[in-house]
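Worksheet for the structure shown next.
Because only heavy atoms are used, hydrogens play no part in the values below, and waters and symmetry mates are left out as well, while side chains stay in. Order of the sequence lines sets the chain letters (A, B, ...), proteins ahead of strands, with each chain counted from 1.
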Amino acid sequence: MDSGEFHAAVYEKVREIPPGRVTSYGHIAKLIGMPRHSRHVGQALKFLSPQTNPPVPWQRVIGASGAVSSRGPGTDGAQRQRDALEAEGVEVTTGRTGEMRVDLAQYGWFPAPAPAAARGDEEDEEEEDQAE
DNA sequence: TCTCTGACTACAA
DNA sequence: ATTGTAGCCAGAG
């Protein structure tokens, strides 16, 4: 797989993330069949242009711990990401130092990757119910 | 070719 | 909860 195809695959999966949901880099990597390329998923996203068509909801991709990454505190990416997520109804908690996190128990979206050896397509996903 | 870095993840202390 | 270490893989210098 070329890096171009890798990027394309990443964008494709990211676009499949339903609004109001978030997933992790690692899971995107799994979905495209490269579970070890979690870092390069983020790499592909930063390579993304602001005006892609169709648009890629990169803001729905966060760390596996629910932590929003976007380059150090000096960058604005994190701010844009938080704004975009809240606009979709995702609750983003912000700490004192600007640490932004999302509750994966509520907004996490982790469908099972499509196994090549599997025959029946399974559009199933864990509808985890929130429990305060 | 080697070394370092990175929008990562998982595990140990 | 926080910090450190290790594994990971591709790109840049």
Side-chain angles (χ1 to χ4, degrees):
Chain A
M1 171 180 295
D2 289 351
S3 58
E5 296 183 47
F6 177 79
H7 290 167
V10 170
Y11 303 153
E12 196 174 334
K13 292 302 176 184
V14 171
R15 281 193 274 252
E16 291 181 14
I17 305 174
R21 296 290 202 128
V22 296
T23 192
S24 67
Y25 302 97
H27 198 82
I28 292 294
K30 280 186 179 179
L31 291 180
I32 66 178
M34 300 176 107
R36 311 300 180 179
H37 290 60
S38 51
R39 308 171 102 130
H40 304 100
V41 172
Q43 188 73 25
L45 291 183
K46 85 177 168 192
F47 183 80
L48 205 43
S49 297
Q51 292 269 353
T52 50
N53 188 19
V56 178
W58 60 275
Q59 58 270 25
R60 296 178 192 149
V61 184
I62 62 180
S65 301
V68 173
S69 327
S70 25
R71 299 312 234 131
T75 53
D76 54 317
Q79 277 298 326
R80 294 198 303 132
Q81 187 162 3
R82 181 171 72 94
D83 186 56
L85 285 175
E86 297 210 316
E88 296 191 350
V90 176
E91 196 173 353
V92 181
T93 61
T94 308
R96 305 178 305 191
T97 60
E99 56 204 51
M100 304 190 232
R101 305 193 70 178
V102 175
D103 188 353
L104 293 182
Q106 276 189 72
Y107 305 102
W109 180 78
F110 300 97
R119 63 291 170 274
D121 50 289
E122 195 76 34
E123 312 302 315
D124 191 356
E125 67 196 53
E126 281 65 31
E127 283 301 315
E128 56 285 310
D129 55 304
Q130 81 294 0
E132 265 90 88

For atom [atom1] of [X] and atom [atom2] of [N], their distance in whole Å:
X	N	atom1	atom2	result
A:His7	B:dA7	NE2	C1'	12 Å
A:Met1	C:dA10	CE	P	11 Å
A:Asp2	C:dA10	CG	C1'	13 Å
A:Phe6	B:dC8	CZ	C1'	11 Å
A:Leu104	B:dT9	CG	C1'	13 Å

Exercise for the section: Tell me which of A:Glu99 and A:Met34 sits closer to the 5' end of DNA chain C, going by the nucleotide each one is nearest to. Expected result: A:Glu99
Exercise for the section: Return each pair, listed once, that meets side-chain hydrogen bond (donor to acceptor under 3.5 Å, both in side chains) where at least one residue sits in residues 36-47 of chain A; pairs must be two or more places apart or across chains. Expected result: A:Gln43-A:Lys46
Side chains of [X] and [Y], heavy atoms from C-beta outward: is any pair under 4.5 Å?
X	Y	value
A:Arg101	A:Ser65	yes
A:Tyr11	A:Pro54	no
A:Ile17	A:Ile28	yes
A:Ser69	A:Gln81	no

Exercise for the section: Looking at every strand, decide which applies to A:Ser3 at a 4.0 Å heavy-atom threshold: base, sugar-phosphate, or nothing. Expected result: sugar-phosphate
Please tabulate, one pair per line, each protein N/O and nucleotide N/O from nucleotides 1-3 of chain B that are separated by under 3.5 Å, including the distance.
none

Problem - Trace of the side chain to side chain contact (heavy atoms under 4.5 Å, CB included) decision for A:Val41 with A:Val14 - result: CA-CA 10 Å; A:Val41 172; A:Val14 171; 5.6 Å; no
Fill in the blank from the handout: Here the salt bridge (charged side-chain N to carboxylate O under 4.0 Å, His left out) pairs for residues 8-18 of chain A, sequence neighbours left out, are A:Lys13-A:Glu16
Exercise for the section: Hey, could you give me each pair passing salt bridge (charged side-chain N to carboxylate O under 4.0 Å, His left out) that has a residue in residues 85-94 of chain A? Not counting sequence neighbours. Expected result: A:Arg60-A:Glu88, A:Arg82-A:Glu86
Completion exercise
Numerically ordered, the residues 36-47 of chain A set in heavy-atom contact under 4.0 Å with DNA chain C is A:Arg36, A:His37, A:Arg39, A:His40
Practice task
Output yes when at least one side-chain N/O atom of A:Ser69 is less than 4.0 Å from OP1 or OP2 of B:dC8, else no.
Solution key: yes
Fill in the blank from the handout: Hits for side-chain contact (heavy atoms from CB on, under 4.5 Å) against A:Lys30, two or more places apart or cross-chain, chain-then-number order -> A:Pro35
